[in-house]
Peer 1: 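A single structure is presented below for examination.
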Amino acid sequence: MKLKRTLCCGVILTVGLIGLSRQAQGNDWPQWLGPQRDAVWRESGIVSSFSAAGPEVLWRVPVGGGYSGPAVVDAKVYLTDRQLAKGASNPSDPFSRSSIAGTERILCLRESDGKLLWKHEYASAYTVSYAAGPRTTPSVADGRVFTLGAEGDLFCLDAVTGTVLWSRQFKKDFGIETPLWGFSAHPLIDGNKLICLAGGDGSTVVAFDTRSGKELWRALSAKEPGYAPPMIYSFGGRRELIVWHPESINGLDPETGKVYWTEPFEVRSGLSVPTPRQVGNRLFLTCFYNGSKMMEIGSSGAKTLWQTRKASEKDTEMLHSIISTPYADERNIFGVCSYGQLRCLDPDTGERRWETLQATTPDGKPARWANAFLVKQADQFFIWNEKGDLIIARLDSAGYHEISRAHLLDPTNTAQGRDVVWSHPAFANRRMYARNDSEIICVSLATK
C-alpha cells in the first residue's frame with residue numbers, strides 16, 4: 001500500500017511539475033493576431049499597470065524597414081525587413097511607384113537575447129506605394145516558417161536552420177501586377193494548406209500544400225485582391241474561409257475553394273484591409289471610405305443586418321478603419337476610425353456609444369490615418385499606438401479607462417506629414433515584441 005501511495009504521489013508530482021513547466025513557458029505567438037488569430041492574449045501573470053520607469057526592455061536589435069510584425073515560436077523570433085541597395089533611397093512622395101532596388105530579409109532571432117540565428121536574403125525591387133518594407137507577419141507551424149514579401153515572394157523555410165524548402169513568386173506564377181500597397185494579406189495555415197491572397201482571374205485566393213508548395217486549389221476573380229487576411233470561422237457548425245476583396249465578401253469551403261456564398265461590397269481604392277471579425281453567427285467588417293458592415297451568416301448564405309449609409313471618411317457615423325483590426329464580441333465593437341477616434345459600437349445596431357482620441361493622438365486632435373492596435377488580455381487591453389506608446393486600458397460600453405502608458409519606440413516612418421510606427425506587435429511568453437524601421441525590442445510584461 002505504501003509503495004502504491006508513493007507511486008501515486010510521484011505521478012501527481014510529475015504531472016504537476018509538467019503543468020507548472022508549461023505554464024512557466026507561456027504561450028507563443030505563431031501568426032498574425034496570435035495563436036487563435038483573434039488578437040486575444042491568453043497568458044496569465046501579466047502586469048495590470050506600469051511603474052514610473054515603465055516596463056523593462058530586455059533587448060534591442062537593429063533591423064531594417066518594414067510594416068510586418070514578428071512571430072514568436074519555440075524560443076525564436078521571426079521577422080521580415082528590407083535593405084535598400086547602395087545608393088538607393090525611398091521617394092519623398094510615398095505614393096510614387098518607381099522601381100527601387102533592394103533586398104528583403106527573413107530574420108530568426110533567439111528569443112532570450114535577440115541574437116541572430118539565421119537570415120535569408122533575396123533581391124526584391126520595390127514598385128509599391130509606401131515602400132518601407134514587407135507587410136505580412138510570418139506564419140510558423142510544424143517546424144516551418146512561411147513569409148510573404150511586398151512584391152509577392154512566398155517562402156517556406158526550415159524554422160531551425162533557415163533552409164529554403166520551397167518558394168513561389170505570385171507575379172510570375174499568376175501573371176499579375178503588384179497591388180498599389182503591395183501583397184499585404186497575412187497568409188493563413190489550415191492543416192496542410194497555406195492559404196494566400198494572390199490576385200488575377202480565378203486566383204484571387206490560392207491554397208498551397210505546406211510541405212511541397214504545390215497548388216491545391218484556386219478561387220475567385222477580382223480586379224484587385226485587396227489587403228485583408230483570409231480567415232476561417234465556423235458558422236452553424238460549418239467551417240468557412242472568409243475572403244474579402246474590394247468587390248465582395250465571400251464564404252468558401254477551406255478544403256476545396258468551393259464558393260458557398262458571395263455578398264457584393266464595393267469599396268473605394270481597393271481598401272479592404274482590416275481583418276473581418278466574427279461575432280457569434282455574424283461577421284463584422286470595416287473599411288476607410290465605406291465604413292462598417294454587419295452580416296448574418298447562415299446555411300443558405302449571408303445577409304446584411306446593418307451598414308454605414310454614408311461612404312465618407314470625414315463625416316463618419318460608425319467605424320471607418322484604415323489599418324487597425326477591430327476587437328468585437330457580443331457586447332461591444334472597439335476600433336480606430338479614420339482620423340484616430342477610438343470608438344465603441346453597439347454590435348446589434350452599429351450605433352456609436354463613445355469615442356476618444358486619447359489613445360492615438362498626443363494633442364487630442366484628429367489626424368488622418370492615426371492608428372493603434374488593440375490586443376485583449378484578461379479584462380484589459382494592451383493598445384500599441386503609432387507614436388510607440390504602449391497603453392494599458394479597460395474598454396467597456398461606458399467608455400475608455402486608461403490605466404498606464406509607457407513610451408517604448410520612436411516612430412521612424414512618415415505618413416501624412418507625421419512620424420509613425422505602423423507595425424503590429426507580438427505578445428508571447430509574458431513579453432511584447434515590437435519593431436520600427438531601425439530596431440526590434442523585447443519588453444517584459446510579467447508581474448514581478
Peer 1: Side chains of Tyr433 and Glu111: is there a donor and an acceptor less than 3.5 Å apart?
Peer 2: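 Side-chain D/A pair, Tyr433 to Glu111: present.
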
Peer 1: Between Tyr67 and Asn413, do the side chains contain an N or O donor and an N or O acceptor separated by less than 3.5 Å?
Peer 2: yes

Peer 1: Hey, are the side chains of Trp384 and His424 touching, using non-hydrogen atoms and a 4.5 Å cut-off?
Peer 2: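 They are not in side-chain contact.
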
Peer 1: Determine whether Gln31 and Val140 make a side-chain contact, defined as any pair of heavy atoms from C-beta on separated by less than 4.5 Å.
Peer 2: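 They are not in contact (no side-chain heavy atoms under 4.5 Å apart), so the answer is no.
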
Peer 1: For the pair Asp158 and Arg144, find out whether any cationic side-chain nitrogen is under 4.0 Å from an anionic carboxylate oxygen.
Peer 2: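 Looking at Arg144 together with Asp158, the answer is no, because their closest N to O distance does not fall below 4.0 Å.
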
Peer 1: Quick one: are Val145 and Ser139 in side-chain contact, heavy atoms under 4.5 Å?
Peer 2: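 No. Closest side-chain heavy atoms not under 4.5 Å.
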
Peer 1: Give a yes or no on whether a salt bridge exists between Glu386 and Arg418, defined as a side-chain N under 4.0 angstrom from a carboxylate O.
Peer 2: yes

Peer 1: For Ser444 and Glu56, run side chain to side chain donor-acceptor pair (under 3.5 Å): C-alpha distance rounded to whole Å, both residues' side-chain angles, the deciding distance at 0.1 Å, then the answer.
Peer 2: CA-CA 6 Å; Ser444 174; Glu56 180 185 5; 5.2 Å; no

Peer 1: Looking only at heavy atoms, which two atoms of Gly114 and Leu109 are closest? And how far apart?
Peer 2: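 Heavy atoms of Gly114 and Leu109 come nearest at O-CD2, 3.6 Å.
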
Peer 1: Do Lys76 side-chain atoms and Val73 backbone N/O form a donor-acceptor pair below 3.5 Å?
Peer 2: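 No, Lys76 side chain to Val73 backbone: no donor-acceptor pair under 3.5 Å.
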
Peer 1: For residues Ser269 and Tyr289, determine if any side-chain heavy atom of one lies less than 4.5 Å from a side-chain heavy atom of the other.
Peer 2: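 Yes, close enough: below the 4.5 Å cut-off.
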
Peer 1: Can you tell me if Arg42 and Asn27 form a side-chain donor-acceptor pair at under 3.5 Å?
Peer 2: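 No, Asn27 and Arg42 have no side-chain donor paired with an acceptor closer than 3.5 Å.
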
Peer 1: Are Phe155 and His120 near enough that their ring centres are under 6.0 Å apart?
Peer 2: yes

Peer 1: Please report the C-alpha distance between Asp153 and Ser124 in whole Å, then the side-chain angles of each, then the deciding distance to 0.1 Å, and finally whether the side-chain contact (heavy atoms from CB on, under 4.5 Å) criterion is met.
Peer 2: CA-CA 8 Å; Asp153 295 284; Ser124 180; 4.0 Å; yes

Peer 1: With distance as the sole criterion, is a donor-acceptor pair present between the side chains of Thr447 and Arg430 under 3.5 Å?
Peer 2: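 Thr447 vs Arg430: no donor-acceptor pair found between side chains.
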
Peer 1: Going by atom types alone, do Glu151 and Thr127 pair a side-chain donor with an acceptor below 3.5 Å?
Peer 2: yes

Peer 1: Consider side-chain contact (heavy atoms from CB on, under 4.5 Å). Of Ile391, Thr361, Val420, which one does Asn385 pass it with?
Peer 2: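 Only match with Asn385 under side-chain contact (heavy atoms from CB on, under 4.5 Å): Ile391.
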
Peer 1: Look at the rings of Phe183 and Phe170 and say which category their plane angle falls in: under 30° parallel, 30 to 60° tilted, over 60° perpendicular.
Peer 2: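 The arrangement is perpendicular - the two ring planes meet at more than 60°.
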
Peer 1: Taking the side chain as C-beta and beyond, is there a heavy-atom pair between Phe146 and Ile106 under 4.5 Å?
Peer 2: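 Answer no - side chains too far apart.
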
Peer 1: Ignoring hydrogens and geometry beyond distance, is a side-chain donor-acceptor pair present between Thr275 and Trp244 at under 3.5 Å?
Peer 2: no

Peer 1: Run Asn290 and Arg268 through side chain to side chain donor-acceptor pair (under 3.5 Å) and show every step you take.
Peer 2: CA-CA 7 Å; Asn290 298 73; Arg268 286 176 55 187; 5.9 Å; no

Peer 1: Sort out for me which residue in Trp41, Phe373, Phe381 forms a ring pair (Phe, Tyr, Trp, His ring centres under 6.0 Å) with Tyr327.
Peer 2: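 Of the listed options, the one satisfying the test is Phe381.
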
Peer 1: For a quick test of reading the model, state the closest non-hydrogen atom pair linking Ala185 to Pro229 and the distance between them.
Peer 2: CB-CA, 4.0 Å

Peer 1: Does atom CG of Asp93 have more than 12 heavy-atom neighbours from other groups under 6.0 Å away?
Peer 2: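 Check passes, neighbour count above 12.
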
Peer 1: Side chains of Thr80 and Glu104 only: does a donor on one sit below 3.5 Å from an acceptor on the other?
Peer 2: no

Peer 1: Would you say CD of Glu402 has more than 12 non-hydrogen atoms from neighbouring residues, nucleotides or ligands within 6.0 angstrom?
Peer 2: yes

Peer 1: Any side-chain heavy atom of Trp369 within less than 4.5 Å of one from Trp422?
Peer 2: yes

Peer 1: Would you call Cys287 and Val273 a side-chain contact if the rule is heavy atoms closer than 4.5 Å?
Peer 2: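 Of all side-chain heavy-atom pairs linking Val273 with Cys287, none is under 4.5 Å.
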
Peer 1: Any luck finding a side-chain donor-acceptor pair between Asp396 and His401 under 3.5 Å?
Peer 2: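 Checked: Asp396/His401 side chains pair up, N/O donor to acceptor below 3.5 Å.
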
Peer 1: For the residue pair Trp306 and Phe284, does the interplanar ring angle fall in the parallel (under 30°), tilted (30 to 60°) or perpendicular (over 60°) class?
Peer 2: tilted

Peer 1: Going by the angle between their ring planes, with limits at 30° and 60°, are Trp181 and Phe95 parallel, tilted or perpendicular?
Peer 2: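 Because their plane-to-plane angle is over 60°, the rings of Trp181 and Phe95 count as perpendicular.
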
Peer 1: Would you indicate whether the side-chain heavy atoms of Glu313 and Arg368 approach each other to under 4.5 Å?
Peer 2: yes

Peer 1: Let's go through Arg343 and Thr316 carefully: what are the C-alpha distance in whole Å and the side-chain angles of both, what is the deciding distance for side chain to side chain donor-acceptor pair (under 3.5 Å) to 0.1 Å, and is it a yes or a no?
Peer 2: CA-CA 11 Å; Arg343 285 180 174 170; Thr316 58; 3.0 Å; yes

Peer 1: If you count the non-hydrogen atoms of other residues, nucleotides and ligands that lie under 6.0 Å from CZ in Arg97, is the total more than 12?
Peer 2: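 Enclosed: over 12 neighbouring heavy atoms sit under 6.0 Å from CZ of Arg97.
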
Peer 1: Between the side chain of Arg37 and the main-chain N/O of Pro35, is any donor-acceptor distance below 3.5 Å?
Peer 2: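 It does not hold such a pair.
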
Peer 1: Between Asp437 and Arg82, is the closest basic N to carboxylate O distance under 4.0 Å?
Peer 2: no

Peer 1: For Ser129 and Pro94, indicate whether the former's side chain and the latter's backbone hold a donor-acceptor pair under 3.5 Å.
Peer 2: yes

Peer 1: Should the pair Arg282-Asp348 be classified as a salt bridge under the 4.0 Å nitrogen-to-oxygen rule?
Peer 2: yes

Peer 1: Are Glu240 and Arg238 close enough for a salt bridge, meaning some N to O gap below 4.0 Å?
Peer 2: yes

Peer 1: Is NZ or CZ of Lys293 both nearer than 6.0 Å to the six-membered ring centre of Phe265 and within 45° of the ring axis?
Peer 2: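 Yes.
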
Peer 1: Do the charged groups of Glu317 and Arg309 touch, with an N to O distance under 4.0 Å?
Peer 2: yes

Peer 1: Out of curiosity, Asp38 CG to Leu33 CG, how far, rounded to the nearest 0.5 Å?
Peer 2: 7.5 Å

Peer 1: Ring-plane angle category for Trp118 and Tyr78, please: parallel below 30°, perpendicular beyond 60°, tilted otherwise.
Peer 2: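 Trp118 vs Tyr78 ring planes: tilted.
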
